[in-house]
Amino acid sequence: MLILFSSSCKKAPHKEVTILKAEVPKEEVIVEPTYNYDKDFILGKFDYKKDSTFIKIDALHSSKTIYLNKEVYLAFKEMYHAAKKEDINLVVISGTRNFNEQKAIWERKWKKYENLPPLDRVKKILEYSSMPTTSRHHWGTDMDLIQLKNSYFENGKGKKAYDWLTKNANNYGFYQVYTNKENGRTGYHLEKWHWSYLPLASKYLKCYNENVTYDDINNFNGSEWAEKAQMISEYVNGISIKAKDFSMD
């Protein structure tokens, strides 16, 4: 059974329907209604546990209680089973995080680096963590897999998993958005563990760019430095070339 979803953002409607598989018997397809997300959704200011388009993923696929967008989870399970056939276990260690959850992470690190000057403090945190209202994890489209260390993916099982992902993940809609910066990518450091489901995430990014300004990045420690740090241009849009090309299709 295949479930199709489409999505749109207030003031920036999108009518596309993402198809995960081709040649599915017509009687097995269930078309869900279009979901209209407003700016609060894009900024992570909602309760995904009460949102009908989100689902708690099975313990088989995760290390803790994690929610993802239903369409994303459906695609992930297809990828999971394909990887499993090659003895690779794609465990999700982080999925959807709303504004309050991202704020907790940010402010913990804000305190950790309190001895740094404010802008340096911000940039130190931004090596690997997003400001609340700017994280792709708000959307339920992005996930962290297996380990939060790049070094893990350089040898043994980690390298085998990363090599498989770089070769096959795009076939299921998942892309590594924070690659190295050799081609001029800006923003966050390399994250080999972070994979984004672009059939939906690209729409949400477009919506973000059309509706969000620096005035919307607020209500947490250090938020006044968002524009100085160029959060939207350098970080929200600091994604890989392949991800940018996908967004332009």
Side-chain angles (χ1 to χ4, degrees), residues 1-5 18-25 28-30 48 53-97 101 105 127-130 135-137 139-183 185 188-202 239-246:
M1 180 181 294
L2 175 66
I3 301 175
L4 305 184
F5 296 89
T18 300
I19 300 177
L20 302 179
K21 281 186 176 180
E23 299 181 359
V24 178
E28 294 186 16
V29 177
I30 298 176
Y48 55 81
T53 63
F54 283 73
I55 188 171
K56 183 171 71 172
I57 70 176
D58 193 281
L60 175 67
H61 304 128
S62 63
S63 60
K64 57 184 179 181
T65 300
I66 291 173
Y67 283 72
L68 291 172
N69 174 281
K70 288 180 179 178
E71 181 181 335
V72 176
Y73 186 39
L74 189 64
F76 170 78
K77 286 191 288 186
E78 293 287 341
M79 183 170 71
Y80 173 89
H81 290 305
K84 201 70 174 176
K85 291 177 182 178
E86 298 188 37
D87 197 30
I88 295 168
N89 191 29
L90 299 179
V91 177
V92 182
I93 59 175
S94 186
T96 308
R97 294 195 295 267
E101 290 164 328
I105 293 171
E127 290 180 359
Y128 294 106
S129 295
S130 304
S135 176
R136 297 175 68 92
H137 281 284
W139 308 335
T141 57
D142 288 48
M143 61 184 69
D144 298 331
L145 297 176
I146 308 174
Q147 285 278 351
L148 295 176
K149 293 182 179 179
N150 288 312
S151 58
Y152 173 81
F153 297 99
E154 295 173 0
N155 299 285
K157 290 183 177 180
K159 185 177 187 304
K160 182 180 179 181
Y162 183 70
D163 288 347
W164 188 93
L165 285 165
T166 55
K167 181 180 179 181
N168 298 287
N170 293 178
N171 296 331
Y172 301 91
F174 293 95
Y175 287 72
Q176 182 188 350
V177 285
Y178 303 135
T179 53
N180 61 46
K181 299 182 180 180
E182 292 176 359
N183 293 315
R185 186 184 68 79
Y188 308 104
H189 285 359
L190 169 69
E191 294 186 357
K192 293 185 175 182
W193 58 83
H194 186 133
W195 294 81
S196 180
Y197 183 70
L198 290 190
L200 277 183
S202 63
I239 57 178
S240 68
I241 291 175
K242 287 179 73 174
K244 287 184 176 181
D245 288 345
F246 187 99

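Owing to the predicted nature of the structure, the values given are computational and were not obtained by experimental measurement.
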- Minimal non-hydrogen separation, Ser129 against Tyr188, with atom names: O-CE2, 3.7 Å
- Task: Give, for atom CD1 of Ile57 and atom CD1 of Ile66, the distance between the pair rounded to the nearest 0.5 Å.
- Result: 5.0 Å
- Between His137 and Ser130, is any pair of side-chain heavy atoms under 4.5 Å apart? no
- Query: Would you call the rings of His189 and Tyr128 parallel, tilted or perpendicular if under 30° counts as parallel and over 60° as perpendicular?
  - Reply: perpendicular
- Item | More than 12 heavy atoms from other groups under 6.0 Å of CD on Glu127 | yes
- Query: If you count the non-hydrogen atoms of other residues, nucleotides and ligands that lie under 6.0 Å from NZ in Lys160, is the total more than 12?
  - Reply: yes
- Message: Is the ring pair Phe153/Tyr162 parallel, tilted or perpendicular, if the boundaries are 30 and 60 degrees?
- Response: tilted
- Is the backbone of Gly95 close enough, under 3.5 Å, to the side chain of Asp144 for a donor and an acceptor to pair up by distance? no
- What heavy-atom pair brings Pro199 and Gly173 nearest, and what distance separates the two atoms? CD-O, 3.4 Å
- Message: Is any side-chain heavy atom of Lys192 closer than 4.5 Å to one of Glu154?
- Response: yes
- Message: Side chains of Leu148 and Glu191, heavy atoms from C-beta outward: is any pair under 4.5 Å?
- Response: no
- Message: I want to check something: taking the side chain as every heavy atom from C-beta on, are Trp164 and Leu90 in contact at a cut-off of under 4.5 Å?
- Response: yes
- Query: How far does CG of Leu198 sit from CG of Leu200, to the nearest 0.5 angstrom?
  - Reply: 9.5 Å
- Item | Backbone of Tyr178 reached by a side-chain donor or acceptor of Gln176 within 3.5 Å | yes
- Message: Quick one, Phe54 and Lys70 - any side-chain contact, counting heavy atoms below 4.5 Å?
- Response: no
- Message: Between Thr96 (side chain only) and Tyr67 (backbone N and O only), is there a donor and an acceptor less than 3.5 Å apart?
- Response: yes
- Distance col, row Ser63:OG vs Gln147:CD, nearest 0.5 angstrom, shows 10.0 Å
- The side chain to side chain contact (heavy atoms under 4.5 Å, CB included) partner of Val72 among Thr141, Ile55, Asp142 is Thr141
- At their closest point, which heavy atom of Ala243 faces which heavy atom of Val177, and how far apart are they? CB-CG1, 4.0 Å
- Which atom of Arg136 lies closest to which atom of Ala201, heavy atoms considered: NH2-CB, 3.3 Å
- Item | Stepwise side-chain contact (heavy atoms from CB on, under 4.5 Å) check, Tyr48 with Glu101 | CA-CA 12 Å; Tyr48 55 81; Glu101 290 164 328; 2.8 Å; yes
- Task: With rounding to the nearest 0.5 Å, note down the distance linking CD1 in Ile93 to NZ in Lys64.
- Result: 7.5 Å
- Spatial distance of atom OG (Ser202) from atom CD1 (Ile239) [nearest 0.5 Å]: 8.5 Å
- Kindly check if the number of other-residue, nucleotide or ligand heavy atoms within 6.0 Å of NZ (Lys157) is above 12? no
- Message: I need the single residue from Trp193, Tyr197, Phe246 that forms a ring pair (Phe, Tyr, Trp, His ring centres under 6.0 Å) with Phe174. Which is it?
- Response: Tyr197
- Task: Can you measure from CE (Met143) to NE2 (His61) and round to the nearest 0.5 angstrom?
- Result: 10.5 Å
- Message: Before you tell me yes or no, could you show the steps for Asn69 and Trp139 under side-chain contact (heavy atoms from CB on, under 4.5 Å), namely the whole-Å CA-CA distance, both residues' side-chain angles and the distance that decides it to 0.1 Å?
- Response: CA-CA 8 Å; Asn69 174 281; Trp139 308 335; over 6 Å; no
- Task: Would you check if the side chain of Ser62 reaches a backbone N or O of Thr65 as a donor-acceptor pair within less than 3.5 Å?
- Result: no
- Got a donor-acceptor contact below 3.5 angstrom from the Asn180 side chain to the Leu190 backbone? no
- Message: Is there a side-chain contact between Ile105 and Arg97 in this structure, where contact means two heavy atoms from C-beta onward sitting under 4.5 Å apart?
- Response: yes
- Query: For Asp58, does its backbone N or O pair with a side-chain atom of Tyr73 as donor and acceptor, under 3.5 Å?
  - Reply: yes
- Please confirm whether the backbone N or O of Ile241 pairs with a side-chain atom of Arg185, one donor and one acceptor, at under 3.5 Å? no
- Would you please say whether a donor-acceptor pair under 3.5 Å links the side chains of Lys242 and Asn170? yes
- Should Leu145 and Val91 count as side-chain neighbours, where that means a heavy-atom distance under 4.5 Å? no
